[in-house]
Amino acid sequence: MNIRKFLEEKTRKHLEKLGVENPPLIKTASRPEHGHYQANGIMAAAKEKGLNPRELAKEVVSSIETEESSDSFNLEIAGPGFINITISKAWINQILSIISKDVRLGVSTQKRKKFLTDYSSPNLAKEMHIGHLRSTTIGDACSRILEFLGHQVIRTNHVGDWGSQFGSLLAYMNKLSKEEIALASELKDLENFYRKASQLWREDQKFADEARKFVVKLQSKDPECLELWSKFIEESMKHCQAVYDQLNISLKQEHVVAESFYNEKLESIVKDLTEKNLIAISDGAKCVFLEEWVGKDGEPTPAIIQKSDGGFPYITTDLAAARHRSQELNIDEALYFVDARQTLHFRQLFHIALKAGFTRKDQSFRHIPNGIILSKEGKPYKTRQGGAVKLAEVLKESISRAKSLVSDKNSALSEQEQIIIAEIVGIGAIKYAELSKNRNTDYVFDWEKMLSFEGNTAPYLQYAYTRIKGILNKSKRSNEKLSSDFSLQDPYEIQLALKLAQFTEAVESVVEDYQPNLLCNYLFELSQFFMTFYENCPVNTAEERIKISRLNLCDLTGRVLKKGLELLGIEVLDRM
RNA sequence: GCGCUGGUAGCUCAGCUGGAUAGAGCAUCUGGCUACGAACCAGAAGGUCGGGGGUUCGACUCCCUCCCAGCGCGCCA
């Protein structure tokens with residue numbers, strides 16, 4: 001039950017009856033004095049029709065009131081032509097009673113589509129760093145939400161497992177095994193491994209030559225080289241999976257479709273483009289020239305499909321992937337959760353793919369960009385040594401901070417329990433910090449801020465949840481099935497109840513433009529309303545009828561909080 | 001040079017297809033724990049929404065222009 005949409009449709013119907021096509025534009029009221037919802041569209045409609053806005057509002061209101069004769073809501077004309085809508089207590093109680101019996105908590109499903117979500121996609125030559133956090137958490141949350149809304153979601157981890165950067169890594173592996181140094185322990189710290197390899201590449205001429213040979217060997221599928229390569233890939237993938245598991249990211253091994261998967265298809269991409277007369281040769285490279293974009297010289301920008309040395313750049317792999325997703329997987333919508341710096345690349349990619357017939361017009365291929373992480377100085381974030389900050393380190397730090405906070409606040413808990421709590425709180429805090437910000441803007445990485453456990457953070461929401469559990473436990477009714485009777489009267493109860501009824505609005509709003517921060521905002525406001533209710537409305541000491549109603553309200557709040565956080569990939573706790 | 005982002009309170013950020021007096025959190029100040037858990041609550045203070053034009057009943061939101069910052073623009077991914 002989406003109250004906003006219900007009111008929108010109702011008002012629209014009556015506007016049409018009056019010969020007005022414009023949408024009523026129902027929104028949640030900007031301030032409490034204006035009721036719960038407000039219609040903003042009457043003024044614009046009146047203007048277009050040359051009518052007096054207040055008169056039109058009056059006509060709409062009387063049309064609704066005479067025909068609907070509903071005691072669900074009250075309408076009031078205000079200001080230059082707003083219609084303020086107040087939902088009746090009776091209706092709110094009724095709605096809560098319905099959604100409390102619903103496992104979906106009032107969230108309806110959408111028309112089922114086949115989605116593909118491409119996110120995380122780390123380069124396996126390096127260890128995952130903090131920069132991967134955004135694509136990974138945002139893509140994962142959106143995948144969960146799309147699924148919850150009834151869509152089919154094909155998660156895809158387009159990992160980078162191919163390219164010249166593997167030359168020096170393989171050469172270094174080869175060197176180590178010749179020197180009989182145990183590979184396993186060296187590979188434990190991939191970042192260090194990568195650093196050593198690239199240092200050798202820069203400083204040792206012989207090693208650099210060896211590395212180049214390995215690139216050629218890899219491309220020509222030399223069996224020994226492939227064996228080394230797959231050993232490295234396997235090890236690196238293990239690192240990633242460990243991070244996903246710890247971060248509660250739903251990506252699994254089965255979602256990996258690596259770049260190398262498309263190796264055999266690249267020739268045919270060039271062939272197809274050539275047959276469509278889209279290829280031009282420039283300085284020995286096969287290019288698609290795009291009139292739509294001009295470069296520094298004012299000339300059309302070429303997208304290089306095959307380099308003059310015969311190699312394929314990554315746009316060719318991406319074209320092959322797009323074709324595969326369109327033709328083999330037959331998806332309706334593909335969402336690429338990738339860094340905003342690649343915006344131009346994706347525009348060109350989708351443009352060429354469509355032009356070449358690799359994708360269809362009725363399919364949607366979209367880049368969902370995210371900002372990058374900056375230091376306090378506003379520069380891209382790096383360690384003091386200039387390296388990337390390991391994601392695993394960030395998680396470790398967060399959990400350790402959560403641990404000391406837990407033992408500080410609640411030392412009565414056993415050590416074992418504290419460790420479990422610290423894990424959930426620490427991971428939740430990091431993910432929520434990412435998800436609660438507008439994905440589009442860059443943001444400043446700051447240990448203090450990122451790992452803060454106060455205010456609009458995951459721990460605040462988790463804490464609200466434990467308070468609810470505390471009440472339910474104390475009531476001794478937590479095990480027995482709660483009824484769905486609501487007799488809410490108090491303004492604090494009504495405020496919270498209406499918010500609960502708006503859960504579906506919040507979930508649906510996320511997928512309009514893939515902004516999980518909207519769900520975060522909702523959950524935070526919900527928790528704030530709960531805290532206010534908690535301070536003002538005693539539950540367990542109230543008289544029986546009110547007590548039951550309030551217990552139900554608490555229970556439903558807990559379920560919505562849990563579900564909402566689950567959609568963001570964050571867990572809750574009974575105690576913390 | 002062209003293009004894409006962004007500029008909102010001291011800091012970090014919301015602000016939903018233009019709507020009523022621009023909102024949170026952090027930090028600061030004041031009050032509230034013999035407790036349905038104070039990781040909390042109540043309150044105070046804090047703003048010429050980068051500057052300037054324009055569109056209209058109404059602009060943080062749309063248009064123009066300028067300033068500032070970041071990113072991108074043929075053989076890295």
Side-chain angles (χ1 to χ4, degrees), chain A residues 23 25 27-31 33-34 38 40-41 43-44 46-47 53 78-82 84 123 125 160 162-165 259 282-287 289 293-299 301-309 311 313-315 317 339-345 347-348 369 371-372 374 378-380 405-406 408-410 425 436-438 440-444 446 448-449 452-457 459-460 462-464 466-475 505 509 512-513 515 517-518 520-521 524-525 528 531-532 534-542 550 554 575-576:
Chain A
L25 299 179
K27 309 201 173 180
T28 49
S30 52
R31 41 187 58 248
E33 310 89 273
H34 302 147
Q38 62 185 56
N40 291 339
M43 275 116 36
K47 185 178 174 184
F82 295 99
N84 291 338
N123 184 340
W162 205 256
S164 49
Q165 74 270 34
E259 281 180 356
S282 173
D283 298 332
K286 290 184 178 170
C287 308
F289 277 89
W293 291 280
V294 294
K296 289 174 199 165
D297 51 8
E299 295 297 311
T301 308
I304 294 172
I305 304 300
Q306 187 166 23
K307 298 189 280 187
S308 51
D309 67 0
Y314 78 134
I315 194 166
T317 308
D339 189 335
R341 287 174 295 191
Q342 303 209 27
T343 300
L344 183 61
H345 163 72
R347 286 204 184 155
Q348 296 181 338
I372 59 165
L374 304 173
K379 306 256 168 58
L405 189 69
V406 171
D408 201 38
K409 299 271 182 193
N410 203 343
V425 170
S436 60
K437 287 182 179 65
N438 184 324
N440 219 15
T441 48
D442 294 346
Y443 85 99
V444 175
D446 176 346
E448 295 297 326
K449 289 242 163 64
S452 158
F453 301 112
E454 280 172 8
N456 185 6
T457 62
Y460 178 87
Q462 290 165 327
Y463 178 63
T466 64
R467 281 184 139 185
I468 291 167
K469 282 291 166 185
I471 293 175
L472 294 175
N473 283 335
K474 191 151 193 171
S475 77
E505 294 174 33
S509 72
E512 276 171 25
D513 200 29
Q515 296 181 291
N517 64 309
L518 298 179
C520 294
N521 289 351
F524 180 58
E525 283 163 14
Q528 282 182 310
M531 295 290 193
T532 309
Y534 180 95
E535 299 285 335
N536 292 285
C537 305
V539 177
N540 286 314
T541 54
R550 287 183 177 169
C554 290
R575 295 203 291 170
M576 64 189 271

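A note on names: the letters A, B, ... follow the listed sequences, proteins ahead of strands, and every chain is numbered from 1.
- Within the structure, a side-chain polar atom (N or O) of A/N440 is placed less than 4.0 Å from OP1 or OP2 of B/G6.
- Here the side chain of A/K307 is nearest to one of B/G6, B/C75, B/A39, namely B/C75.
- With its ring centre under 5.5 Å from that of the base six-membered ring and a plane angle below 30°, A/Y534 counts as stacked on B/C36.
- Between the P atoms of B/G6 and B/G15, the separation comes to 11 Å (whole Å).
- Whole-Å rounding puts the A/K47 NZ to B/U55 P distance at 12 Å.
- To the nearest 0.5 Å, atoms OG1 (A/T28) and CD (A/E505) are separated by 7.5 Å.
- Comparing the same atom, C1', in B/U56 and in B/C63 gives a spacing of 13 Å after rounding to whole Å.
- When the C1' atom is compared between B/G23 and B/U61, the two are found 15 Å apart, to the nearest whole Å.
- Rounded to the nearest Å, the gap between the C1' atom of B/C60 and that of B/C33 is 41 Å.
- To the nearest whole angstrom, the two C1' atoms, one in B/C16 and one in B/A22, are 14 Å apart.
- The nearest whole Å value for the distance from the NZ atom in A/K409 to the C1' atom in B/G37 is 11 Å.
- Atom P of nucleotide B/G15 and atom CD of A/Q38 are separated by 17 Å, given to the nearest angstrom.
- B/C41 sits 13 Å from B/A35 when the C1' atoms are compared, rounded to a whole Å.
- Contact annotation for A/A44: base contact, defined as any heavy-atom pair under 4.0 Å involving a base atom.
- Taking atom CD of residue A/Q348 and atom P of nucleotide B/G72, one finds them 14 Å apart after rounding to whole Å.
- Set against B/A39, B/C40, B/G25, the side chain of A/L405 has B/A39 as its closest nucleotide.
- Only the P atoms considered, B/A14 is 24 Å distant from B/U28, to the nearest whole Å.
- Within the 4.0 angstrom heavy-atom criterion, no nucleotide atom of any strand lies near A/Q462.
- Distance CG (A/D442) to C1' (B/G6): 8 Å, rounded to an integer number of Å.
- Ranked by how close their nearest RNA chain B nucleotide is to the 5' end, A/P23 and A/D283 are led by A/P23.
- Under 4.0 angstrom from either OP1 or OP2 of B/A39 there lies no side-chain N or O belonging to A/R467.
- Set against B/A14, B/U21, B/C40, the side chain of A/N517 has B/A14 as its closest nucleotide.
- If you check every strand for non-hydrogen atoms under 4.0 Å, A/L344 touches sugar and phosphate atoms only.
- No donor-acceptor contact under 3.5 Å links the side chain of A/D339 to the base of B/A77.
- In this structure, CG on A/D339 lies 11.5 Å from NE2 on A/H345, to the nearest 0.5 angstrom.
- Residue-to-nucleotide proximity on RNA chain B shows that, of A/Y460 and A/S164, the 5′-proximal contact is made by A/Y460.
- Interface remark: the A/Y463 side chain does not form any donor-acceptor pair with the B/A39 base, using a distance-only criterion of under 3.5 Å.
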Working for side-chain contact (heavy atoms from CB on, under 4.5 Å), residues A/Y460 and A/M531: CA-CA 10 Å; A/Y460 178 87; A/M531 295 290 193; 3.3 Å; yes

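- Look at CD on A/E299: it is 16 Å from C1' on B/G3, rounded to the nearest Å.
- Applying the 90° cutoff around 0 to the glycosidic angle, B/G7 is assigned anti.
- When heavy atoms are screened at a 4.0 angstrom cut-off, A/T441 is found touching the sugar-phosphate backbone but no base atom.
- Both geometric conditions, a ring-centre gap below 5.5 Å and a plane tilt below 30°, are not fulfilled together for A/F524 over the base of B/A24.
- Rounded to a whole angstrom, the distance from the C1' atom of B/C26 to that of B/A39 is 14 Å.
- Between the CG atom of A/N536 and the C1' atom of B/A35 there is a distance of 16 Å, rounded to whole Å.
- Distance from the side chain of A/F453 is smallest to B/A39 among B/U12, B/A39, B/A77.
- A/N123 comes within 4.0 angstrom of no nucleic acid atom, judged by non-hydrogen atoms across all strands.
- Following rounding to the nearest Å, A/R341 (CZ) and B/G3 (C1') show an atom-to-atom distance of 17 Å.
- A sub-4.0 Å separation between OP1 or OP2 of B/G3 and a side-chain N or O of A/T301 is absent.
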